[in-house]
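Comments concern the structure below.
The structure displayed is predicted, hence computed values, not measured ones.
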Amino acid sequence: YGDHRDLPSVPTRRSSDLPVGQRDLRIFSEGSTTNNTPLFNLGTHNSGANGALDAYIRPSPARHIYSTTMVFDDTWHHIAWVDDNGQVTLYVDGVADGTNFSYTRVARATDTTTIGGILRGSVCCEFTGDIDDVHLYDHALSEGEVAELMAPAPLADSNADWAADGTQGAQDRKSVG
């Protein structure tokens, strides 16, 4: 993952609606298939207490950190985890969450990245909601870059003509017949 890890994604599903025993579900994970020690993951609250995003990083020291913004509440959200060498800002719908997710960066021998669960020696914690439009970057995103990701792309004018080369504009039409 280099020096920076950023994960904009759009998960949905209220943590309290998850079946008992299904509370600790992961939307993103980096781990090792040979042992369980290096682990970084994001997902639902591990105890299902509320709809907070739960970040778990091991080692460094291992602990669960919960967002103050509820992200698993049956509403689509844009989530951006911006990690600049252990200094972390979580953005939910373009707004920085007030939680301090920062940690001491240590080398982790990870060999697997998973969307929607954890893959280590075995698969676990599979997320049952929807995840859409996941991006990983090789640099920490700025607040402006996160805002750009939040902005919907403009739709093409449905009344405009498109040329075969992908350029937009009025084209001469020839009758086929």
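- Rounding to the nearest 0.5 Å gives a distance of 10.0 Å between CG of D24 and NE2 of H45.
- Side-chain contact between L53 and L42: present, with at least one pair of heavy atoms (C-beta onward) separated by less than 4.5 Å.
- The minimum heavy-atom distance linking A140 with D83 is given by the pair CB-O, 3.9 Å.
- Between F101 and W81, the gap from one ring centroid to the other is short of 6.0 Å.
- Under the side-chain hydrogen bond (donor to acceptor under 3.5 Å, both in side chains) criterion, T69 pairs with D97, sequence neighbours left out.
- Between D111 and S32, the shortest heavy-atom contact is OD1-CA, 3.3 Å.
- Proximity of Y137 to V82: side-chain heavy atoms (C-beta onward) are nowhere separated by under 4.5 Å.
- Sorted by first and then second residue, the salt bridge (Lys or Arg N to Asp or Glu O under 4.0 Å) pairs involving residues 33-55 (not counting sequence neighbours) are R26-D54.
- D73 and M70 get closest at one heavy-atom pair: OD2-O, 3.8 Å.
- Residues forming a side-chain hydrogen bond (donor to acceptor under 3.5 Å, both in side chains) with T89 (at least two apart in sequence, or on another chain): none.
- Residues meeting the side chain to side chain contact (heavy atoms under 4.5 Å, CB included) test with N100, sequence neighbours left out: S102.
- Ring geometry for F40 versus F28: interplanar angle over 60°, hence perpendicular rather than tilted (30 to 60°).
- In this view, D93 and H77 satisfy the side-chain hydrogen bond (donor to acceptor under 3.5 Å, both in side chains) rule, not counting sequence neighbours.
- For the atom pair CG (D130) and CH2 (W76), the distance works out to 4.5 Å, reported to the nearest 0.5 Å.
- Contact check for R23 versus L25: no side-chain heavy atoms found under the 4.5 Å cut-off.
- Note on ring orientation: taking the six-membered ring where Trp is involved, the planes of Y56 and H64 are tilted (angle from 30° to 60°).
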Throw together a table of side-chain donor-acceptor distances under 3.5 angstrom for residues 112-119, partners on residues two or more places apart or in other chains.
none

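- Contact between S67 and A52 at its shortest, heavy atoms only, is O-CB, 3.4 Å.
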